[in-house]
Amino acid sequence: MRVVSWNIHWGCGRDGRIRIHAIIDVLRKLNPDVICLQEVAANHPELEGSASASQFKQLAGAFGGYHMIEQAPSEIYRNNLPRQFGNLLLSKFRITQAQRHMLPWPVDPEHPAGMPRGMIETVLEAPGGKLRVLTTHLEYYSPMQRRAQIARIRELHEEACARAAVYQPDPALEPPFQLGFRPGTAIYCGDFNFGPDSEDYRALLAPASSGALGLVDAWRVHHGDIPRAPTAGLHGFKWPEKPGCYDYFFVTEDLAGRVSDMSVQSETSASDHQPIVLDLN
């Protein structure tokens, strides 16, 4: 099973031009089973390069054999036309459940502007059994908001594990209640906007509550103490000032033994972030 996560910067490359086809070409070469994307835009002509098309539709059309879940936490209406910005998940595997979580966005007087953030959660019928795949893009400017979002992700994870432990199907219920089994086993990925030496990183990976599966960093599982490959800052973009790691795969501890590779594809300059790739055996 191969999962790719990528903040695509609305397809805007280092020359300031939008080339969604370049994003699509890279993804096709990587040949993932599951694609998790952040910073996907629709009807945003004011973004650099003019992201006026619906990139959600473009990407879904390019991967017609995949099932699509989209989420636009930022949805602004101009002349009754939605300008959307958010996350996209595409899966070759059958999706049995999907939830679109809105993450906390508390008022921060030091950062009064900003945008809401969200997380897509899916339950997939993967070759090794059902598991959840979740993708998100956390707050960049406000540390307070990012900490609240991390706390909510941990809360949602512990809730999923607790619900899995007591799940019993009830055919007497109406169809909307029959969601089926939602496992604790999970892959969390995306642009978390924190460094691997930060307090935020440690907070996300703190020991789980009793009965919940712990989360581990897939890079550390596979590479140990080998210095981490940067996921941004490689190709002369305005941001960041120097190479650093912002994008991660975190897996539940029961998946750690299945991590066969975790890599960063550093060659492409189609976005200010690099695609990251997780392989499970």
Side-chain angles (χ1 to χ4, degrees), residues 1-6 30-38 66-67 69 87 89-99 101 119-136 138 150 152-167 179-192 194 196 200-226 228-229 231 245 247-265 275-281:
M1 175 178 177
R2 168 168 283 193
V3 185
V4 170
S5 177
W6 194 6
L30 291 173
N31 192 29
D33 299 298
V34 184
I35 301 169
C36 298
L37 305 178
Q38 307 87 45
Y66 292 67
H67 308 283
I69 303 294
N87 308 311
L89 185 147
L90 298 162
S91 173
K92 283 184 181 178
F93 304 133
R94 181 169 176 256
I95 298 173
T96 61
Q97 293 183 48
Q99 296 184 54
H101 302 288
M119 180 171 66
I120 294 174
E121 175 180 347
T122 58
V123 178
L124 306 183
E125 289 190 345
K130 279 191 175 183
L131 76 158
R132 292 180 299 128
V133 176
L134 305 95
T135 187
T136 189
L138 300 189
I150 292 166
R152 179 57 176 156
I153 290 172
R154 287 180 55 86
E155 181 181 33
L156 287 168
H157 176 65
E158 292 179 5
E159 174 192 291
C161 291
R163 194 174 298 280
V166 301
Y167 171 75
L179 294 177
F181 182 59
R182 178 183 171 214
T185 301
I187 299 168
Y188 289 79
C189 66
D191 177 359
F192 289 82
F194 55 59
D200 290 339
Y201 174 92
R202 291 187 288 273
L204 184 64
L205 296 183
S209 65
S210 177
L213 291 166
L215 292 174
V216 293
D217 181 346
W219 177 276
R220 292 292 176 222
V221 169
H222 185 68
H223 297 283
D225 294 330
I226 293 175
R228 189 181 295 268
T231 67
C245 181
D247 307 84
Y248 301 86
F249 280 107
F250 300 110
V251 302
T252 46
E253 56 193 351
D254 58 335
L255 288 178
R258 291 181 55 194
V259 174
S260 59
D261 196 15
M262 197 267 132
S263 61
V264 178
Q265 302 300 307
I276 60 173
V277 184
L278 174 69
D279 289 308
L280 299 181
N281 57 28

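On a predicted model such as this, the values are computed, not experimentally measured, just so you know.
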Any residue meeting salt bridge (charged side-chain N to carboxylate O under 4.0 Å, His left out) with R154, in chain and number order, not counting sequence neighbours: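 E158.
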Residues forming a salt bridge (charged side-chain N to carboxylate O under 4.0 Å, His left out) with R202, sequence neighbours excluded: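 Residues passing salt bridge (charged side-chain N to carboxylate O under 4.0 Å, His left out) with R202: E199.
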Scan for salt bridge (charged side-chain N to carboxylate O under 4.0 Å, His left out) pairs involving residues 122-131, sequence neighbours excluded, and state none if there are none.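 Salt bridge (charged side-chain N to carboxylate O under 4.0 Å, His left out) check on residues 122-131 returns R94-E125.
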Among all residues two or more places apart in sequence or in another chain, which pass the side chain to side chain donor-acceptor pair (under 3.5 Å) test with S260?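 S260 satisfies side chain to side chain donor-acceptor pair (under 3.5 Å) with no residue once adjacent residues are dropped.
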Heavy-atom closest pair, residues [X] and [Y]:
X	Y	result
C245	P196	O-CD, 4.0 Å
A98	I69	CB-CD1, 3.8 Å
E253	L213	OE2-CA, 3.7 Å

Side-chain heavy atoms of [X] within contact of [Y], under 4.5 Å:
X	Y	value
L138	I153	yes
V251	V216	yes
M1	K92	no
L255	I187	yes
R220	M262	no
T252	L215	yes
V3	V277	no
I276	Q265	no

From CA spacing to verdict: side chain to side chain contact (heavy atoms under 4.5 Å, CB included), Q97, E121: CA-CA 8 Å; Q97 293 183 48; E121 175 180 347; over 6 Å; no
Atom [atom1] of [X] and atom [atom2] of [Y]: how far apart are they, to the nearest 0.5 Å?
X	Y	atom1	atom2	result
L90	L37	CG	CG	6.5 Å
L205	I150	CG	CD1	9.5 Å
L124	L131	CG	CG	5.5 Å

Can you list the steps and then say if I35 with L89 is a side chain to side chain contact (heavy atoms under 4.5 Å, CB included)? CA-CA 6 Å; I35 301 169; L89 185 147; over 6 Å; no
With distance as the sole criterion, is a donor-acceptor pair present between the side chains of [X] and [Y] under 3.5 Å?
X	Y	answer
D217	Y201	yes
T185	D254	yes
S5	Q38	yes

Return the set of residues passing ring-ring contact (aromatic ring centres under 6.0 Å, His included) with Y66 (not counting sequence neighbours), or none when no residue passes.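 F63.
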Listed partners of Y188 passing ring-ring contact (aromatic ring centres under 6.0 Å, His included), at least two apart: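 Partners of Y188 under the ring-ring contact (aromatic ring centres under 6.0 Å, His included) test: H157.
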So, are D33 and R2 salt-bridged, with charged N and O less than 4.0 Å apart?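 Salt bridge between D33 and R2, a charged N being under 4.0 Å from a carboxylate O: no.
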Test your reading of the model: is there a side-chain donor-acceptor pair from [X] to the backbone of [Y], 3.5 Å cut-off?
X	Y	result
T122	I95	no
S91	F93	yes
W219	S263	no
T231	D247	yes
R132	P183	yes

Pick out which of C189, C36, P275 makes a side chain to side chain contact (heavy atoms under 4.5 Å, CB included) with V4.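 Considering C189, C36, P275, a side chain to side chain contact (heavy atoms under 4.5 Å, CB included) with V4 is found only for P275.
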When the ring planes of F192 and F250 are compared, do they come out parallel, tilted or perpendicular, using 30° and 60° as the limits?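 Perpendicular.
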Take C161 and R163 through the test side chain to side chain contact (heavy atoms under 4.5 Å, CB included) and record every step on the way to the result. CA-CA 5 Å; C161 291; R163 194 174 298 280; over 6 Å; no
